[in-house]
Amino acid sequence: MRRTVFNEDHEAFRETLRAFIEAEVVPVYDDWFAAGQAPRDFYYKLGELGIFGINVPEEFGGAGLDSHKFEAVLYEETARAGVHFGGSGVHVLLALPYIKMLATDEQKKRYLPKFVTGEEMWAIAMTEPGTGSDLAGMKSTAKLSEDGTHYVLNGAKTFITGGVHADKVIVCARTAAPTAEDRRHGISLFAVDTKSEGYSVGRKLDKLGLKTSDTAELAFVDVKVPVEDLLGEENKGFYYLGHNLASERWGIAFGAYAQAKAAVRFAKQYVQERTVFGKPVAHFQNTKFELAACQAEVDAAEAVADRATEALDAGELTPAEAASAKLFCTEVAHRVIDRCLQLHGGYGYMNEYPIARLYADNRVNRIYGGTSEIMKSIIAKDMGL
């Protein structure tokens with residue numbers, strides 16, 4: 001089936017990106033994997049390539065586009081190559097929408113030029129050790145100083161993607177207590193400079209997958225945050241977070257579909273080259289049937305991912321539709337990648353093969369951005385159940 005989601009500009013970007021990955025990432029990816037993170041200077045290269053500025057207004061050094069389709073190409077090409085761009089996805093997919101939506105003109109002038117070049121990498125800190133998906137239960141606090149010039153931030157965060165290399169972090173903290181009617185009231189968002197006194201990066205977490213993406217624990221002890229770095233209005237942070245969940249879940253859905261598509265590519269190549277009992281593994285009927293079934297699932301996931309992309313670009317992707325896309329695409333990817341690893345036999349369990357890394361990388365898709373169980377709850381509620 002012919003896809004209509006991409007045009008000539010997207011395909012030209014794909015060619016440039018594929019060449020960049022082959023030249024700058026593939027040759028050193030094993031080193032990144034062993035180190036547990038991409039090197040900091042790699043993000044400058046992404047800035048030079050224009051990755052960070054696609055959706056940033058031209059006045060701040062970006063391309064001024066308003067589309068997620070270039071991000072979609074990025075998901076497909078990194079998955080195709082079996083690589084991951086570290087914490088850069090959070091920088092663009094998660095942090096940028098908050099800056100564009102909430103920052104004042106003065107803040108945008110301070111934040112965005114360095115955002116585009118990679119001089120300042122951004123992360124977002126929501127999850128706390130004791131809260132998980134229950135963001136309304138967060139304990140971190142930000143209290144306004146007596147002279148009204150700054151907030152004093154205290155607390156801790158965990159599972160913060162990009163947290164090791166981040167120069168700025170959007171931190172969610174309580175500026176007021178929750179009310180009896182609304183547990184979500186009282187959360188605010190702040191753009192925190194990681195060089196601030198009292199700000200510290202704890203453990204770089206040892207994850208099952210996404211090994212090249214630095215993920216950290218963060219701690220704040222009496223960190224002074226200037227009032228000029230409050231994003232949006234006080235106490236409305238929870239609602240801002242909900243506003244951007246659809247785009248976050250779209251990104252996870254599209255990334256999962258791209259991983260499933262890549263898994264079929266890896267498996268097809270392997271079974272055509274691997275010989276068993278004097279014949280290529282691809283010769284056996286079971287292999288053909290397994291890959292055919294996987295391809296059918298990938299085709300369906302592609303259609304769902306493309307439809308969600310068009311809806312997101314049109315500003316019409318609802319929370320329930322985003323949840324549905326995430327649930328479907330991540331569950332498809334889970335099944336497809338597992339079956340493709342099986343076709344690799346014992347070699348599929350070796351990290352030197354991209355299918356093994358893909359298997360580990362994919363698992364978190366059904367957890368972060370809201371678990372599959374939460375997605376089902378959102379969809380059921382939308383159904384009136």
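What's counted below: heavy atoms across the whole structure, side chains too, no hydrogens, waters or symmetry copies.
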Applying side-chain hydrogen bond (donor to acceptor under 3.5 Å, both in side chains), name anything that partners [X], two or more places apart in sequence or on another chain.
| X | answer |
| --- | --- |
| Arg363 | none |
| Thr215 | Lys207 |
| Thr309 | Trp250 |

Is there side-chain contact between [X] and [Y], with at least one heavy-atom pair below 4.5 Å?
| X | Y | value |
| --- | --- | --- |
| Cys340 | Cys294 | yes |
| Leu46 | Tyr43 | yes |
| His165 | Asp214 | yes |

- Note on the structure: Contacts of Glu228 meeting side-chain contact (heavy atoms from CB on, under 4.5 Å) (sequence neighbours excluded), chain-then-number -> Arg110, Pro226
Could you check whether [X] pairs with [Y] (Lys NZ or Arg NE/NH1/NH2 to Asp/Glu carboxylate O, under 4.0 Å)?
| X | Y | answer |
| --- | --- | --- |
| Arg14 | Glu77 | yes |
| Glu217 | Lys157 | no |
| Arg40 | Asp167 | yes |
| Asp30 | Arg357 | yes |
| Glu297 | Arg335 | yes |

Using atom types as modelled, flag every donor-acceptor pair under 3.5 Å from a side chain in residues 47-60 to any protein atom, sequence neighbours excluded.
unit_1 : atom_1 : unit_2 : atom_2 : d
Asn55  : OD1    : Ser67  : N      : 3.3
Asn55  : ND2    : Ser67  : O      : 3.1
Asn55  : ND2    : Glu71  : OE2    : 3.1

- Between Gln37 and Ser213, a side-chain donor and acceptor under 3.5 Å: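 There is no such pair between these side chains.
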Can I get a per-line list of side-chain donor-acceptor pairs under 3.5 Å for residues 230-239, giving both atom names and the distance, sequence neighbours left out?
unit_1 : atom_1 : unit_2 : atom_2 : d
Glu233 : OE1    : Lys236 : NZ     : 3.2
Glu234 : OE2    : Tyr151 : OH     : 2.5
Asn235 : OD1    : Thr175 : OG1    : 2.6
Tyr239 : OH     : Asp182 : OD2    : 2.3

- Item | Residue list, salt bridge (charged side-chain N to carboxylate O under 4.0 Å, His left out) with Glu290, at least two apart or on another chain | Arg339
- Item | salt bridge (charged side-chain N to carboxylate O under 4.0 Å, His left out) partners for Arg265, two or more places apart |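 Applying salt bridge (charged side-chain N to carboxylate O under 4.0 Å, His left out) to Arg265 gives none.
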Side chains of residues 373-385: which donor-acceptor partners sit under 3.5 Å, not counting sequence neighbours?
unit_1 : atom_1 : unit_2 : atom_2 : d
Glu373 : OE1    : Thr371 : OG1    : 3.4
Ser377 : OG     : Glu373 : O      : 3.2

Relative to the ring of [Y], is the ring of [X] parallel (under 30°), tilted (30 to 60°) or perpendicular (over 60°)?
| X | Y | answer |
| --- | --- | --- |
| Phe33 | Tyr29 | tilted |
| Phe220 | Tyr199 | tilted |
| Tyr347 | Tyr270 | tilted |

- Message: So for atom NZ, which belongs to Lys204, do other residues, nucleotides or ligands contribute more than 12 heavy atoms lying within a distance under 6.0 Å?
- Response: yes
Tabulate below the donor-acceptor pairs under 3.5 Å that side-chain atoms of residues 321-330 make, not counting sequence neighbours, or state none.
unit_1 : atom_1 : unit_2 : atom_2 : d
Glu321 : OE1    : Thr318 : N      : 3.1
Glu321 : OE1    : Thr318 : OG1    : 3.3
Lys326 : NZ     : Asn365 : O      : 2.7
Lys326 : NZ     : Tyr368 : O      : 3.3
Lys326 : NZ     : Gly370 : O      : 2.8
Thr330 : OG1    : Lys326 : O      : 2.6
Thr330 : OG1    : Leu327 : O      : 3.2

- Query: Only one of Asp338, Leu208, Asn351 forms a side chain to side chain contact (heavy atoms under 4.5 Å, CB included) with Tyr359, so which one is it?
  - Reply: Asp338
- Task: Quick one: which residue pairs count as a salt bridge (charged side-chain N to carboxylate O under 4.0 Å, His left out) with a foot in residues 308-318, not counting sequence neighbours?
- Result: Lys69-Glu310
- Hydrophobic cluster mates of Phe159, side-chain heavy atoms under 4.5 angstrom, ILVMFWY only, any path? Leu205
